[in-house]
Visitor: 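I'd like to ask some things about the structure below.
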Amino acid sequence: MQHLTTHEAAIQQDKKQLVIIGNGMVGHHCVEQLIERGATQHYQIHVFGDERHRAYDRVHLSEYFSGKDADALALGEADLHATHGVSLHLGVRITRIDRDRGEIITADGRLPYDSLIIATGSYPFVPPIPGPEVSEHPQARLVYRTLDDLDAIRYHAANARRGVVIGGGLLGLEAANALKSLGLEAHVVEFAPRLMPVQLDDQGGTALRERIEALGVGVHTDCATEAIVAKPDGEYAYRMNFQDGEHLDTDLVLFSAGIRPQDGLARDCGLEIGERGGIVIDETCRTSDPEIFAIGECALWNGQIFGLVAPGYTMARTVAGCLTDVCEPFSGADMSTKLKLLGVDVGSIGDAFATTEGAKSYRWIDEAGSGYRRLVVSSDGKKALGAILVGDNSYYDTLLQYVQNGIDLPEDPAALILPQSEGGALMLGADALPDTAMVCSCHNVTKGAVCRAVDEGCADIAALKIETKASTGCGGCAALLKQVFEHELESRGMEVDKSLCEHFQYTRQELYALVRVEEITSFDELLEKHGHGLGCDICKPTIGSILATCWNQPIMDPQNVALQDTNDTFMANMQKNGTYSVMPRVAGGEITPDKLVALGEVAKKYDLYTKITGGQRIDLFGAELHELPDIWEELINAGFETGHAYGKSLRTVKSCVGNTWCRYGVQDSVAMALELEHRYKGLRTPHKVKMGVSGCTRECAEAQGKDIGVIATEAGWNLYVCGNGGMRPRHAELFATDIDSATLIRTIDRFLMFYVRTADKLQRTSVWRESLEGGLDFLKEVVIDDSLGLGDELERQMHHIVETYECEWANALKDPEKLKRFRTFVNDNSSDPDIINVTERDQPRPARADEIESLAVEIR
Amino acid sequence: MSTATAINNTPRVLCDVQDLVDDSGVVALHDGRQIALFYLPKGRDRQSGPEVFAIANHDPFSKANVIGRGIVGDKDGEPVVASPIYKQHFRLTDGVCLEDDRVRLDTFNVRIEGERVVID
Ligand SMILES: Cc1cc2nc3c(=O)[nH]c(=O)nc-3n(C[C@H](O)[C@H](O)[C@H](O)COP(=O)(O)OP(=O)(O)OC[C@H]3O[C@@H](n4cnc5c(N)ncnc54)[C@H](O)[C@@H]3O)c2cc1C
Ligand code: HEM
Ligand code: SF4
Ligand code: SF4
Ligand code: FES
């Protein structure tokens, strides 16, 4: 072999010799890190790899069976070594380390080293089960670690129908998936009583087992294989005999019974080895010989082997640092894992088994859907220690942040693992979020990045957006970005300008108080006394909303018209082509057949697109401005009233059918939903408000995803507050239990008026709640215990709103002056010629630009 | 002006002052063009008397004819309207978009003559 005959010449006198044994994932990462840190100036680096392939991504090894070849799995640039003068020796095994002479030895020769890095990884453990001779029956002793192993599996699978994997851990399940993808009937045999015994507990293992069995993979737990017997004449090639007397026939057997550190070289040259294997290293990754380092899966740090790639990479960086500039000590690594095994989400975080003294667990078990989640908390219940997830990893990131950052748990930690009505996990307040938390997912901006931008001088949101690009995609993160930004400014002692806009140097809350206290009834009056300029699209709607809440004047009254957003002005929702959608109230989602027919007739007459909304009502799209009064005339005659879908106000109270029909119901949820909807309809709020009422704990109305959620109990109602669906779902929090209907209404009256009084503009209850100092407890004190003595006042203000309610559309139709505005053109009765519809699925919809072009051609 | 329903027989008249809405907008059709008319009864400084502004009703961002239905106000003292769809601001005096000054809406010269709103 030429590398050893020429190596003497290759030794450059001025450079030290650095030899790396093992060209796996970690060895390769170490080379990259050394190159990056300029180590090649001082070292001549030699890398020896037993495998014939370039270093490849072992983590994604299974993708070799789903389309990727060795090249696609390869790590880094192909010419990396050549470019940087690193000698790469592939397919060469180091057989011995001669520490006395400072040389490594291969089958063909020797090479001196000054420093040595052992990155030999691990090998699959094959338990000594009696069976046929390996040389003649390789398919009875397959393993799953290298590309060559996978080639062998593929080769033997070609003539096989059934394959068995011994070992039901993480890798075993991946191997089973591989067998399945090769078209085999796959089975997993596990010695322990459950699958993934290292990461999961019994319930987690059970849930995983059910899911995996549902995929057609046989699972045999508590099952010890005694012998593998060749059956030359049998239906299958081998029979596996189990200790309990059972057996399983198969064409091939794949071992995945754990890994063992590849520590033979180190052992033979007298380096310190752990009791159960592994090369002992210190925090600089040095072995008992200071010139020799060990990294990756062959290394034993603090009695621990790290069978994951991330800790290996950290060790690689430590060594690269020690050999060049700064040695950052290795201090262990988090073994939390998030995987998709056979398409099933599995997650394991921190102290998943509650081994910490006094640790307690919350468990959520879904036997029907084979889902399982466990949250392990400290003995005082304040911190999260670990978690197990089976079936849904959307909880993983938040839980990991709680565990890793030692964030204080919420009042009811169980909420963190309970199902979220509209997907996703609970949201953390700006303060609690760690630096790694994602603020803007469109542009991948973390809280840390926002903090850095603030440090570098971003003093307002506009600058922050330019600097970080946050909130310049879909815009959905704007509220969170603002929250984080203001929190950062405040924590740096900087002044946060909370002025509503350039026309008012007050917050929404301050303006609300001024309007109340000074009994101001118009925008002009407020502008006169406390503002300047003409106002704008920020202050006008905000103040319009405040005036409406306080005095409940019709929004169409002359002094209010100019304040409203187009949706409020025309009491309909503007759609993208300038037409409106019309949404009458269908309280609680209950509607008579007659009204249903009436809606259909109106839609037909005006050629409107109809769709059932997420709020249990029916939206009619495509009405032109001048058609709105006629449409409403007909709707009102049919007994409808406005649905306030256009307003920052109560939208809908979603309800399940309740005990009137449902066999599980314990209260009449529909009646309660109707009562709530009719009570609070028309209340103008800082942002939209949604409610839900469920007739029993099964929660079919998903009330816990709403601002106000009510769930029936045997004794009355449970009230939940400050939930949210949408793009940042938040689980509502339990506020009061087993209260009667009168108490429920009184509590909601107070709660809503307190929200209206203290929230910022366009702040949903969820965000408001996160921003309240004192949190839920404070809110309970104010609303339930009346600690501020506001109770009566809040109730009185709500009664005023309820008593003065009037359907805005009915009001407008009575007044020709108001209807004047509903004209597409003030000097012409025609329609907007640019509104062009096409028919799709038997309904009208706006034509797309390309369709309009082709239509124009046809007309000409 | 080709439309037969014009309120007055003088072709230059767009509509009556009565048709305008205080501190807000309406739309008039003129020679096939849609013109948004904004009426500030006290003027842009809130003291010098009635003023009417006319700019194109077509919103280049949403490609819908909606400018006349936006909220009127001022930015640093300049009267503006915010598009009701994606909320960009256009200066009433020259139609320039504050968020992107490469975009400009056409403006028209309109005046109040007695009870009428007229266009040059
Ligand atoms: C199927 C599979 C899925 C996995 N999934 C994940 C996952 O999802 N997440 C995760 O974090 N980890 C996963 N892992 C584990 C991860 O691949 C390992 O932690 C990582 O590869 C360890 O890197 P290493 O360099 O220490 O060892 P290896 O990658 O095993 O590299 C060691 C190399 O050294 C060579 N070598 C050994 N002895 C000698 C010698 N004497 N002379 C020359 N060369 C020698 C070997 O041939 C080998 O190429 C998975 C592993 C497998 C097999
Ligand atoms: C211009 C923007 C939006 C439009 C046009 C729009 C439109 C609608 C409509 C028409 C409905 C049916 C409501 C009803 O029946 O009263 C609805 C429901 C809903 N919207 Fe929006 N929405 C918008 C923005 C948002 C945002 C920003 C969020 C979240 C933060 C959101 C979350 C929801 C949810 C969760 C529902 C379902 C309510 C339920 O199931 O009860 N929407 N939306
Ligand atoms: S929440 Fe309860 S009462 Fe309502 S529909 Fe579901 S099961 Fe029935
Ligand atoms: S999710 Fe809401 S905002 Fe998004 S397209 Fe649908 S209706 Fe529009
Ligand atoms: S999440 Fe930030 S812009 Fe979409």
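Quick caveat: nothing in here was measured; it's all calculated off a predicted structure.
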Visitor: Counting only non-hydrogen atoms closer than 4.5 Å, does B:Lys75 touch chain A with its backbone (N, CA, C, O), its side chain (CB onward), both, or neither?
Guide: both

Visitor: In terms of heavy-atom pairs under 4.5 Å with chain A, which of B:His58, B:Lys63, B:Gln18 leads?
Guide: B:Gln18

Visitor: Just give me the residue among B:Val27, B:Asp59, B:Val80, B:Asp45 that pairs up with chain A most often, heavy atom to heavy atom, under 4.5 Å.
Guide: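 Highest number of heavy-atom pairs under 4.5 Å: B:Val27.
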
Visitor: A side-chain contact here means heavy atoms from C-beta on lying under 4.5 Å apart; do A:His644 and A:Arg684 qualify?
Guide: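 Yes, at least one pair of side-chain atoms sits under 4.5 Å.
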
Visitor: Which atoms of A:Leu625 come close to chain B, meaning under 4.5 Å heavy atom to heavy atom: side chain ones, backbone ones, both, or neither?
Guide: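 A:Leu625 touches chain B through side-chain heavy atoms alone.
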
Visitor: For chain A, which of B:Ser24, B:Pro84, B:Ala64, B:Ala28 has the most heavy-atom pairs under 4.5 Å?
Guide: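 The candidate making the most pairs under 4.5 Å is B:Ala28.
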
Visitor: Kindly say whether B:Gly25 contributes a backbone atom to a donor-acceptor pair with the side chain of A:Arg821 at under 3.5 angstrom?
Guide: yes

Visitor: Looking at A:Glu624 and A:Asp832, would you say the former's side chain and the latter's main chain have a donor-acceptor pair under 3.5 Å?
Guide: yes

Visitor: Where on B:Asp23 is there a heavy atom nearer than 4.5 Å to chain A: the side chain, the backbone, both, or neither?
Guide: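 For B:Asp23, the contact with chain A is made by backbone and side chain together.
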
Visitor: Donor-acceptor check, side chain of B:Asn57 to backbone of B:Ala36, threshold 3.5 angstrom: yes or no?
Guide: no

Visitor: A:Asn567 versus chain B, heavy atoms under 4.5 Å apart: side chain, backbone, both or neither?
Guide: neither

Visitor: Checking heavy atoms, do the side chain of B:Asp76, its backbone, both or neither come under 4.5 Å from chain A?
Guide: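 For B:Asp76, backbone and side chain are both near chain A.
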
Visitor: Is the number of heavy atoms from other residues, nucleotides or ligands within 6.0 Å of CD (A:Glu840) greater than 12?
Guide: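 Enclosed.
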
Visitor: Looking at B:Asp74, B:Val66, B:Leu40, B:Asn65, which has the largest count of heavy-atom pairs under 4.5 Å with chain A?
Guide: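 Among the listed options, the one with the most contacts to chain A is B:Asp74.
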
Visitor: How are the rings of A:Phe822 and A:Phe570 set to each other: parallel, tilted or perpendicular (split at 30° and 60°)?
Guide: perpendicular

Visitor: Please state whether the side chain, the backbone, both or neither of B:Ile35 comes within less than 4.5 Å of a heavy atom of chain A.
Guide: neither

Visitor: Any sub-3.5 Å donor-acceptor pair from A:His532's side-chain atoms to A:Glu502's backbone N or O?
Guide: yes

